[in-house]
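Scroll down for the structure; my scribbles are underneath it.
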Amino acid sequence: MKVGYPCINLSLNCRSSRKFRLKNYSENRLIDTIQNNLLCLKKILEFNYENKILFFRITSDLIPFGSHPIMTFNWQEYFKSEFREIGLYIRKKNMRITMHPGQYTVLNSKNQRVVENSIKELQYHTKILEAIGLDSTAKIITHVGGVYGDKKTSILRFIERYKKLNENIKNYYVIENDDKSYNVNDTLVINRSTEIPIIFDSYHHHCYNLGATTEEAIKKVFMIWKEKDGLPIIHYSSEHPLKGKCKHAEELDMTDFRNFIKKTNKYNFDIMLEIKNKEKSAISAIEYLMKDIRFNQNRI
DNA sequence: TCACGTCAAGCAGAT
DNA sequence: ATCTGCTTGACGTGA
């Protein structure tokens, strides 16, 4: 079991998600920004290793305008040695990496232009993982997409479009259940036709589950993960104590987390903590997990 | 230095 | 009709 957090490290004084406005685009600006972002990414990974955090989500903003038509610059080639160094570090330290394209990636959209942009976005994320040199245990995660008042047809549209994707995208691409449109059972329907792995999001499942328990959902989802995809991944968040149902928590609720870990003790998985205070929650979780055999067996 | 309007992009649900 | 939230606020202008 590896513990991770998404995109931003609040303890370091750098961000790997620096960007700029489209109207200010220039190759120099692009190179400077990517250089900064890659340097910061390396610092974050080093911080993570020192704190036993071996799981991390790389920000989609690593390469500004990475999937935009304006981008013709060959950043993979230009930053080859930087990516290679990051890749060597990740593999040496036995780390796991994911990425999570944003809300504009809608593979099952009814608008063909949106579909094309979504494929470009998946290609862009794939390029990053390939530049770093990661195998198919690294993952790119999206939700299923829109419902458009007809979930059955929208699921079929997702399946069709997924099947047409290039193999190098499929190598990394996985889906997760969301909080209002596609629940775990919906993603399992898609899996049956595509074999696409599914990430179980505990917080989304809490919001949208149609009566299925966490244990039932995890059991079904974990069965479909294959050796080449690595350990199953869980996305976890506590509920915000004041804002109520389906609001992300500012900090990890340790009581809830301990219950979740106990409840899932039959399984081994990697867990991404989607909590607003980022690495602080990961460090608290690891402190608790230090005596858990699942946590220790994955470390080197 | 800080306030604040805006930023490449989609969709669903609430107001 | 307009606003908000989503995996994540940051950029850039003007005072």
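A, B, ... follow the sequence lines: proteins, then strands. Residue 1 opens every chain.
Proximity of the aromatic rings of Phe56(A) and Tyr5(A) is defined here by a centroid distance below 6.0 angstrom, and this criterion is met. The six-membered or imidazole ring of His205(A) lies near that of Phe200(A), with a centre-to-centre distance under 6.0 Å. In this structure, His204(A) has its ring center under 6.0 Å from that of His143(A). Aromatic ring centres of Tyr208(A) and Tyr182(A): separated by at least 6.0 Å.
Checking the phosphate oxygens (OP1, OP2) of dC11(C), no side-chain nitrogen or oxygen of Arg29(A) falls inside 4.0 Å.
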Notebook entry, point to check: What string of B, S and - do you get for nucleotides 9-15 of chain B 5' to 3' if you count protein non-hydrogen atoms under 4.0 Å?
Noted result: BBSSS--
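Using the Watson-Crick or G-U wobble rule with both distances under 3.5 Å, dG5(C) pairs with dC11(B).
A distance of about 23 Å separates the P atoms of dG12(C) and dT8(C), rounded to the whole Å. When the P atom is used for both dT13(C) and dA8(B), the distance is 13 Å, rounded to whole Å. When the P atom is compared between dC3(C) and dC7(B), the two are found 15 Å apart, to the nearest whole Å. With both ends at atom P, the span from dC6(C) to dC4(B) equals 24 Å, rounded to whole Å.
Heavy atoms of His235(A) sit nowhere under 4.0 angstrom from any nucleic acid atom. In this structure, Lys120(A) reaches neither bases nor backbone, as no heavy-atom distance under 4.0 Å exists between it and the strands shown.
A cation-pi arrangement is present between Lys170(A) and Tyr162(A) under the rule of less than 6.0 angstrom and at most 45 degrees off the ring axis.
Interatomic distance, CD1 of Ile155(A) versus CG of Asn108(A), reported as 9.0 Å (0.5 Å rounding).
Judged by closest nucleotide on DNA chain C, Pro6(A) is the one of Pro6(A) and Arg18(A) placed further toward the 5' end.
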